[in-house]
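What follows is a set of notes on a single structure, which appears directly below.
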Amino acid sequence: MSFTKVVIERETDSEEESSSGEENDQVDDYPSQEEEEDDNDQVVENEASTTTSRKPKTKHITISLKKVCKVCKRPGHEAGFKGATYIDCPMKPCFLCKMPGHTTISCPHRVTTEFGVIPAPRRGTHNSLEYVFARQLRPCISAIKPAVVIPDQVNCAVIRYHSRRVTCLEFHPTNNNFLLSGDKKGQLGVWDFKRVHEKTVYGNIHGCILNNLKFNPTNDGTVYGASSDGTISCTDLETGMSMGLINLNPNGWQGSSSWRMLYGLDINSQRGNLVAADNFGSLYMVDMRSNSTMGDPVLIHKKGSKVTGLHCHPHQPDLLLSCGNDHFARIWDMRKLEAGSSIYDLAHNRVVNSAYFSPQSGSKILTTSQDNRLRVWDSIFGNMDSPSREIVHSHDFNRHLTPFRAEWDPKDPSECLVVIGRYISENYNGAALHPIDFIDISTGQLVAAVMDPNITTISPVNKLHPHDDVLASGSSRSIFIWRPKEKFESELQGDEKMIILCGKGEKKRRQSDDESDDAIYRSKGKSLKTKKPSLKSSSHGRKRKC
């Protein structure tokens with residue numbers, strides 16, 4: 001095995017002089033007369049030798065630099081990203097599909113996303129009638145599916161909006177142009193992306209990561225938030241005043257073994273309950289009418305494991321879906337909620353980042369797991385013991401990213417289109433970009449991969465608008481709004497985009513024209529002054545104190 005060799009030259013005067021000095025120190029204190037005569041005879045020779053020894057001499061030292069793999073910690077090879085290409089570790093299977101025998105570059109799932117072989121509507125049917133239908137009648141029936149509109153162009157953005165990376169996004173239910181965002185520091189941002197300069201950030205609500213945001217169904221000016229500081233907040237968006245509903249750490253920091261963090265959060269509007277889950281596997285319920293906790297916490301996942309997500313069924317208020325670090329997604333009946341009483345346990349190979357019911361009918365379940373798989377369970381046509389379809393997709397993240405979560409398109413009546421960011425970068429005209437993927441879960445095919453050459457960071461947080469053809473994506477500390485190019489290119493003249501800079505980017509822009517990768521965009525004749533957005537115009541819900 002050959003390693004890189006580095007040659008270093010150095011002078012050896014000091015070493016030789018020090019060695020000669022050591023030899024002189026070893027001479028006896030009282031030499032004999034014969035030794036003195038010999039020394040006197042050799043004075044000239046010693047002077048000549050010292051003059052020659054003082055001349056600098058160079059020696060070549062060869063050092064071998066051993067390469068150590070960051071994946072398996074073994075020397076001799078490297079693994080990871082080199083530009084836009086991911087180099088696999090030879091000791092590990094393919095990083096994309098987790099299967100041995102090939103590398104990520106030659107992985108067949110980079111060409112076609114499809115992994116499931118049997119479509120969900122015809123899974124497990126083997127009778128003759130189904131065979132005739134599939135062979136003769138099915139090709140003659142045109143699929144009734146609406147045209148897919150993909151928002152593929154950045155329409156506006158706020159660069160460095162948050163002080164830390166974005167962790168969650170939520171559109172306002174009645175104000176179509178209002179977007180709420182949370183970050184790792186616990187800040188809550190309110191942004192009117194139609195008037196891009198009207199934005200504000202509330203930084204005094206939570207102490208650390210804001211993991212989830214949900215609007216009050218009876219008051220669209222109030223939002224609930226679940227944070228890793230162990231609190232659930234109820235915040236008025238007009239005033240920024242907040243009230244705590246739950247505090248799992250009333251005594252403050254007592255060590256990591258006792259610190260409770262809240263991750264999953266959802267609202268059961270028909271029951272009037274708010275449900276949240278922590279990092280110890282427990283579920284908490286809050287009555288939104290009295291803002292008080294209901295009953296004792298219930299263990300819904302393995303004790304000591306994190307519950308990463310919660311989702312209530314859109315039509316059946318008694319059904320609750322949860323997912324966690326114990327490699328399971330579970331379906332619960334809220335009427336008899338107790339430990340070990342789940343209706344179905346959906347097994348995965350690794351941690352489940354998210355699990356959602358389909359938005360229209362609730363008959364399908366979409367899960368995102370860290371084994372680079374999107375799984376779909378169909379409760380009508382499929383068997384809940386195994387997924388109806390598995391789709392290989394790159395979203396195995398490291399600890400410096402917000403977890404990837406595949407989300408449904410709430411406007412799609414066929415309940416087939418989902419959106420998720422991609423981890424492994426691709427080479428697009430020499431640039432390493434991480435696109436946002438739109439996938440058809442009925443076929444497993446990649447519908448579209450949207451990207452912008454100026455966005456070189458990863459976009460793990462993505463949210464589709466419930467009414468408009470708009471995609472909001474959180475990439476690092478910035479937020480981008482995507483719209484269809486064909487629909488809005490007439491409104492934008494040339495390269496004019498409504499892009500603003502915040503924080504340090506604003507100061508850099510005033511000092512010089514040089515900008516970083518996050519600040520490539522330019523705003524045309526717009527003031528960078530921040531304005532607070534107003535929700536009074538369309539907050540027609542009943543306002544009350546939370």
Side-chain angles (χ1 to χ4, degrees), residues 81 84 86 95-97 104 109-110 113 148 150-155 157-159 161-162 164-171 179 181-184 209 211-213 308-309 323 350-356 366-375 391-410 417-428 431-441 444-465 470-483 517-518:
F81 284 102
Y86 184 84
F95 182 76
L96 178 58
C97 67
T104 302
H109 300 288
R110 296 180 75 242
T113 315
V148 178
I150 303 296
D152 54 357
Q153 183 181 22
V154 175
N155 178 256
V158 181
I159 310 300
Y161 182 28
H162 286 276
R164 296 293 186 273
R165 58 178 167 86
V166 177
T167 55
C168 59
L169 296 172
E170 192 73 19
F171 284 101
L179 177 67
S181 57
D183 67 1
K184 184 180 178 181
I209 307 176
N211 295 307
N212 237 312
L213 290 171
T308 56
C323 58
R350 290 184 62 187
V351 174
V352 187
N353 294 339
S354 64
Y356 299 106
L366 173 67
T367 62
T368 307
S369 177
Q370 288 188 21
D371 60 354
N372 277 346
R373 296 292 192 281
L374 304 179
R375 291 178 174 86
I391 302 172
V392 174
H393 182 266
S394 174
H395 51 260
D396 185 9
F397 67 101
N398 57 21
R399 65 178 183 174
H400 302 293
L401 288 177
T402 303
F404 290 86
R405 300 182 180 94
E407 297 200 7
W408 300 93
D409 183 1
L417 189 64
V418 300
V419 61
I420 183 174
R422 191 188 303 180
Y423 177 69
I424 294 182
S425 61
E426 300 291 343
N427 189 356
Y428 292 96
L433 302 182
H434 304 264
I436 302 172
D437 295 332
F438 289 82
I439 300 175
D440 187 350
I441 55 107
Q445 296 295 327
L446 181 66
V447 177
V450 301
M451 70 207 76
D452 191 287
N454 296 315
I455 305 177
T456 57
T457 52
I458 305 173
S459 303
V461 186
N462 300 280
K463 196 79 173 182
L464 285 167
H465 199 283
V470 173
L471 169 67
S473 63
S475 182
S476 184
R477 296 181 293 161
S478 307
I479 299 179
F480 300 89
I481 297 296
W482 303 73
R483 294 178 183 268
D517 293 339
D518 290 338

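Only heavy atoms go into these numbers, but all of them, side chains included; no hydrogens, no water, no symmetry mates. Worth saying up front: this structure is predicted, and the values here are computed from it rather than measured. The first residue in the sequence is number 1, and the count goes up from there.
Side-chain contact between Tyr356 and Glu407: present, with at least one pair of heavy atoms (C-beta onward) separated by less than 4.5 Å. Side-chain atoms of Ser478 and Ile159, non-hydrogen and from C-beta on, do get closer than 4.5 Å to each other. At least one side-chain heavy atom of Ile420 sits less than 4.5 Å from a side-chain heavy atom of Thr368. Side chains of Asn372 and Phe404 form no contact here, defined as non-hydrogen atoms less than 4.5 Å apart. Side-chain contact between Leu471 and Ile150 is absent, with no heavy-atom pair separated by less than 4.5 Å. Contact of the Phe438 side chain with the Leu417 side chain is registered, since non-hydrogen atoms from C-beta on lie closer than 4.5 Å. Using a 4.5 Å heavy-atom threshold, the side chains of Ile436 and Val419 count as touching. When side chains are defined from C-beta on, Thr402 does not count as touching Val166, because their heavy atoms never get closer than 4.5 Å.
Note that OH of Tyr86 is 11.0 Å distant from OG of Ser425, once rounded to the nearest 0.5 Å. In this structure, CG on Asp371 lies 4.0 Å from CZ on Arg375, to the nearest 0.5 angstrom. We find the CG-CG distance between Leu464 and Leu169 to be 11.0 Å, quoted to the nearest 0.5 Å. One distance of note links NE2 of His109 with OG1 of Thr104; it measures 11.0 Å at 0.5 Å rounding. Residue Ser369 holds its OG atom at 9.5 Å from CG of Leu374, rounded to the nearest 0.5 Å. Rounding to the nearest 0.5 angstrom, the gap separating the OG atom in Ser475 from the NE2 atom in His434 is 8.5 Å.
Looking at every heavy atom in both residues, Leu446 comes nearest to Ile439 through CD1-CG1, 4.1 Å. Shown here for Trp482 and Met451, the closest heavy-atom pair between the two residues is CH2-C, 3.6 Å. In terms of heavy atoms, Asn155 sits closest to Arg483 at OD1-NE, 3.2 Å. The two residues Ser473 and Asn462 come nearest to each other via the heavy atoms CB-OD1, 3.2 Å. Closest approach of Phe171 and Lys463 over heavy atoms only: CE1-O, 3.5 Å. The shortest non-hydrogen separation linking Leu366 to Val418 is CD2-CG1, 3.4 Å.
A donor and an acceptor atom, one from each side chain of His162 and Ser181, are located under 3.5 Å apart. Side-chain contact of Gln370 with Asn353: a donor-acceptor pair under 3.5 Å is present, judged by distance alone. Looking at Asp437 and His393, their side chains do bring a donor and an acceptor atom within 3.5 Å of each other. With 3.5 Å as the limit, one finds no donor-acceptor pair spanning the side chains of Thr457 and Ser476.
Put simply, the side chain of Thr167 gets close to the backbone of Gly182: a donor and an acceptor are under 3.5 Å apart. Looking only at distances, no side-chain donor or acceptor of Arg422 sits under 3.5 Å from a matching main-chain atom of Ile458.
Under 4.0 Å is where a charged nitrogen must lie from a carboxylate oxygen, and between Arg350 and Asp396 at least one such pair does.
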Exercise for the section: Walk me through it: do Arg373 and Val392 pass the test side chain to side chain contact (heavy atoms under 4.5 Å, CB included)? Expected result: CA-CA 5 Å; Arg373 296 292 192 281; Val392 174; 3.7 Å; yes
Exercise for the section: Determine, stepwise, if the pair Val148 / Asp440 fulfils side chain to side chain contact (heavy atoms under 4.5 Å, CB included). Expected result: CA-CA 10 Å; Val148 178; Asp440 187 350; over 6 Å; no
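Taking the six-membered ring for Trp and the full ring otherwise, Tyr423 and His395 have centroids separated by 6.0 Å or more.
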